Amino acid sequence: MSKVLANSEEYMMGRKFGMLTVMGRGEEHYFPNGRHRDRWICKCECRNVKSILGPDLRNNSVKSCGCLLKKGTHKIVQRMVRYEKQMLF
């Protein structure tokens with residue numbers, strides 16, 4: 001796939017990356033060295049809307065708006081509490 005096609009709005013619109021669905025193009029992100037990357041406005045399955053860098057979407061570095069991390073952390077805490085309760089009895 002060419003770089004032009006991967007960054008085209010027609011190609012990205014409606015695509016799903018993890019829990020995120022691309023809704024449209026956002027503002028470009030400029031790095032201090034002058035390079036820039038496209039940002040995409042994405043809607044998460046939890047209904048949050050977030051702006052994500054294109055390479056992060058395509059490389060699967062970002063899978064959700066952050067809700068997936070929160071859910072995972074919550075599950076870990078629940079397991080720790082259950083384990084501590086077992087150790088007390």
Side-chain angles (χ1 to χ4, degrees):
M1 164 184 3
S2 73
K3 189 175 181 179
V4 175
L5 178 62
N7 287 330
S8 73
E9 221 167 327
E10 296 83 29
Y11 177 75
M12 293 292 283
M13 286 291 294
R15 291 209 47 200
K16 272 191 77 86
F17 298 90
M19 294 174 63
L20 299 168
T21 304
V22 177
M23 295 171 47
R25 187 184 295 271
E27 293 184 21
E28 289 185 356
H29 176 78
Y30 288 91
F31 293 97
N33 64 5
R35 295 181 66 185
H36 65 89
R37 294 286 182 255
D38 291 325
R39 282 192 171 274
W40 297 94
I41 306 300
C42 300
K43 187 172 185 176
C44 187
E45 289 178 7
C46 73
R47 298 187 186 145
N48 282 335
V49 176
K50 191 164 184 171
S51 176
I52 310 286
L53 289 174
D56 291 342
L57 283 173
R58 289 186 293 275
N59 297 331
N60 284 326
S61 313
V62 177
K63 294 175 175 43
S64 73
C65 68
C67 66
L68 198 56
L69 181 62
K70 291 175 191 171
K71 287 178 189 174
T73 305
H74 182 70
K75 288 179 182 178
I76 291 169
V77 170
Q78 283 180 333
R79 275 191 232 132
M80 288 173 59
V81 168
R82 272 188 262 139
Y83 178 76
E84 288 175 1
K85 284 181 182 177
Q86 289 175 354
M87 296 304 290
L88 291 174
F89 296 108

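Small disclaimer: the values here were computed from a predicted structure and weren't measured.
For the residue pair Arg58 and Phe17, the shortest heavy atom distance occurs at CA-CE2, 4.2 Å. For the residue pair Pro55 and Arg37, the shortest heavy atom distance occurs at CG-CD, 3.5 Å. Nearest heavy-atom pair across Cys65 and Leu20 is N-CD2, 3.9 Å. Closest of all the heavy-atom pairs between Met12 and Val22 is O-CB, 3.2 Å. Of all non-hydrogen atoms in Met19 and Cys67, the two that sit nearest each other are CE-SG, 3.8 Å.
In this structure, Trp40 and Arg25 have side chains that are in contact, with non-hydrogen atoms separated by less than 4.5 Å.
The closest donor-acceptor contact from the side chain of Lys63 to the backbone of Gly18 lies at 3.5 Å or more, if one exists at all. Side-chain atoms of Asn59 do not come within 3.5 Å of backbone N or O of Ser61 as any donor-acceptor pair. Distance alone, capped at 3.5 Å, is enough to place a donor-acceptor pair between the Arg39 side chain and the Ser51 backbone.
Residues passing the side chain to side chain donor-acceptor pair (under 3.5 Å) test with Glu45, sequence neighbours excluded: Lys16.
For the atom pair CE (Met13) and OG1 (Thr21), the distance works out to 10.5 Å, reported to the nearest 0.5 Å. Between atom NE2 of residue His36 and atom CG of residue Leu53 there is a gap of 12.0 Å, rounded to the nearest 0.5 Å. Rounded to the nearest 0.5 Å, atoms NE2 (His29) and CD1 (Ile52) are 12.0 Å apart.
Annotation for Lys43: atom NZ does not count as buried by contact number, only 12 or fewer foreign heavy atoms lying within 6.0 Å.
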